[in-house]
Amino acid sequence: MSRVVKTRVMYGPPSVEKALGSLPVIADFCGRLGIAEIVDELCPIREVARVSHGQVVEALIANRLTSPASVVRLENWARCWAVPEVLGIKPDALNDDRVGRALDAIAEHLEVIAGTVGARAITEFGVEVSRIHWDMTSISLYGDYAQAEEEFAQPKYGHPKDRRPDLKQIQAGIGTTADGAVPIFSRVYDGGAAEVSQVTGAMRGLQKIAGRRELLLLGDSKLISYDNVRELGQAGVTFIAPAPKAVVPATVLAALDLAQATRVDYVALRDQGKPPDRRGGYHVIEDAMILTPPKSKTGKNLPELPLRRIFVHSTARAGAAATARAKKLQRARAELDRLARGAGGRHYPTEDTIAARVSIIAKTRRVAACLRHEIGTDPSTGKPTFTWHYDQQAIAHEAATDGWYALLTTVPATGDTALDAPGILLAYKGQEASERRYGNLKGPLAVAPLFLATNRRIAALITVICLALLIFALIERAVRLLAGPTGKIAGLYVGRPARPTGRLIFEALAEMRLIPAQHGRPALIPRPNDLQQHILTILTVDPIRTISMNHPP
């Protein structure tokens, strides 16, 4: 009888590999900014505590930059990622109760924390702060918040950027530098706060952080009001902002002559890969205007404020406006023709029903300015009639403004800080930096939805996320400064060279893994690929050294 020999199959220990990703880089930048140190000085805890408020804040920042999760899931994230090894924090120390207490603690010091970290970013990384771009955005909330604490930003209904007027919101404002679009300043505001009313407060905060009185503040049209312009001037701050329609009406734009404008040597980033004949062009015309006190303040001997006015014409903007107008006219035409055919029928049996439908079409298709119509009664049938046509003169008047907008500024035309009209446009073009950072805030950093019970914690978490955005931007800036003469890094985008962005940098590092120290063996990082090693070298970050410093064996 044959003998069956049984062999013993030897299996290795279960895999304990953890995600490492960009954690060492984040830890390095948090250390250089002194975030935990700043928070712990303001919010001390008992010496026997397992983890400080500053450490919790750094963990929240790391979470937002690696794998954003709600507060209740932070502990699970820390178990899957190399948080103990890199940040020196045990996962069970990041339960939702502990995180909530940290948010409550820092809520009393948000402006000081954000301001101190922003100021340290300027000095530590040599960020130029002579030009600052200011903008605000809204963050919709899923909750009633009827018992909101009065000392903190109030959730209220407002004018949400995501077009959800049914939800309450909180607003956030950030000031980003022209140098690298670094958000050195952030504030949290009431959901119903008017943007125009926050400009001067932001200006004073920026002056304090930047450590200088002379600033060039760039913003959107909500910056322009008599009070804002006057206070900016008194503070020695110059500005550039687009003029609201109420200040520079369409009739002024329609009267401009492109033949009298000066061409600007500027190519938009989106056009840089296109042939010259397909690139958008820019032209400018300069004149002056006077901003007068509002009627409510006449008689108070307030001065008139002289401003430089730069009219800008963009061929790309003109083309987009013409295309949009053609589409809206065509869509309105189809609906108006359908209404004319149905007048007196089952759906539109009376003049009132026809008039109501015309009003809806004119509003939704935005053709009220050029729509001419007549509603009458057919004498032979007694049924209502409807005829319409477009006023070609009104259309031509609207078309005359295509591509034009106005910039207002107090930047001098002569002297050491002077900018000519093309220079004003080029400086303003950096305003997209703020918009791009808000895209990062609501994209990779996933600021919404916020599942928190109190507005106190909401304000604190938004401030923490703005600190994460600061690190995101600093890393992007650092890599771009050392990317080489082409400004691109090989293999960064699906194996092809690409200009480094924060998103691409973090995606490139995301696949890094860590085998934790065990059985007397040190922690091991499987060899980073060439792209990852190149980025780490640029940032002068050694993951093993970071781990040995923060989590010694």
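Positions are given from 1 along the sequence.
- Using bins of under 30°, 30° to 60° and over 60° for the plane-to-plane angle, the ring pair Tyr266/Tyr282 lands in the perpendicular bin.
- Here Arg309 does not pair with Glu286 in a salt bridge; the nearest charged N to carboxylate O distance is not below 4.0 Å.
- Inter-residue side-chain proximity for Ile174 and Asp135 is flagged as unmet; no heavy-atom pair is nearer than 4.5 Å.
- Panel note: side chain Gln171, backbone Val188; no donor-acceptor pair is recorded below 3.5 Å.
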**Request:** Give the C-alpha distance, both sets of side-chain angles, the deciding distance and a yes or no for side chain to side chain contact (heavy atoms under 4.5 Å, CB included) between Thr238 and Thr409.
**Result:** CA-CA 7 Å; Thr238 55; Thr409 184; 5.7 Å; no
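- Note: Tyr405 and Tyr428 have tilted aromatic rings, judged against thresholds of 30 and 60 degrees for the angle between ring planes.
- Taking the charged nitrogens against the carboxylate oxygens, Glu111 and Lys208 have no contact shorter than 4.0 Å, which rules out a salt bridge.
- Contacts classified as salt bridge (charged side-chain N to carboxylate O under 4.0 Å, His left out) and involving residues 215-228 (residues at least two apart or in different chains) are given here: Asp227-Lys297.
- Contact annotation: the side chain of Ile122 never approaches that of Thr177 to less than 4.5 Å [non-hydrogen atoms, C-beta and beyond].
- Aromatic rings of Phe29 and Phe125 (six-membered ring for Trp) have centroids within the 6.0 Å cut-off, being under it.
- Salt-bridge annotation for Asp287 and Arg308: absent, with no side-chain N of the basic residue lying under 4.0 Å from a carboxylate O of the acidic one.
- Salt bridge Arg456/Glu108: present, at least one basic N to carboxylate O contact under 4.0 Å.
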Run the side-chain donor-acceptor check on residues 484-502: report pairs under 3.5 Å with partners two or more places apart or on a different chain.
residue: Thr486; atom: OG1; partner: Lys488; partner atom: N; Å: 3.2
residue: Thr501; atom: OG1; partner: Leu504; partner atom: N; Å: 3.2

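- For the pair Met512 and Leu536, the minimum side-chain heavy-atom distance is below 4.5 Å.
- Note on Glu476 versus Arg437: salt bridge recorded, some NZ/NE/NH1/NH2 to OD/OE distance being below 4.0 Å.
- Salt-bridge check for Arg278 with Asp271: failed, with every basic side-chain N at 4.0 Å or more from each acidic carboxylate O.
- At least one side-chain heavy atom of Ile505 sits under 4.5 Å from a side-chain heavy atom of Ile475.
- Residues Ile132 and Ile184 form a side-chain contact, since some pair of their non-hydrogen atoms from C-beta on lies under 4.5 Å apart.
- Looking at heavy atoms from C-beta onward, Asn228 lies in side-chain contact with Ser225 at the 4.5 angstrom threshold.
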**Item:** Check against side chain to side chain contact (heavy atoms under 4.5 Å, CB included), Leu141 and Gln169
**Value:** CA-CA 5 Å; Leu141 304 173; Gln169 65 179 25; 5.5 Å; no
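- For Arg317 and Asp402, the salt-bridge test fails: no basic side-chain N is under 4.0 Å from an acidic carboxylate O.
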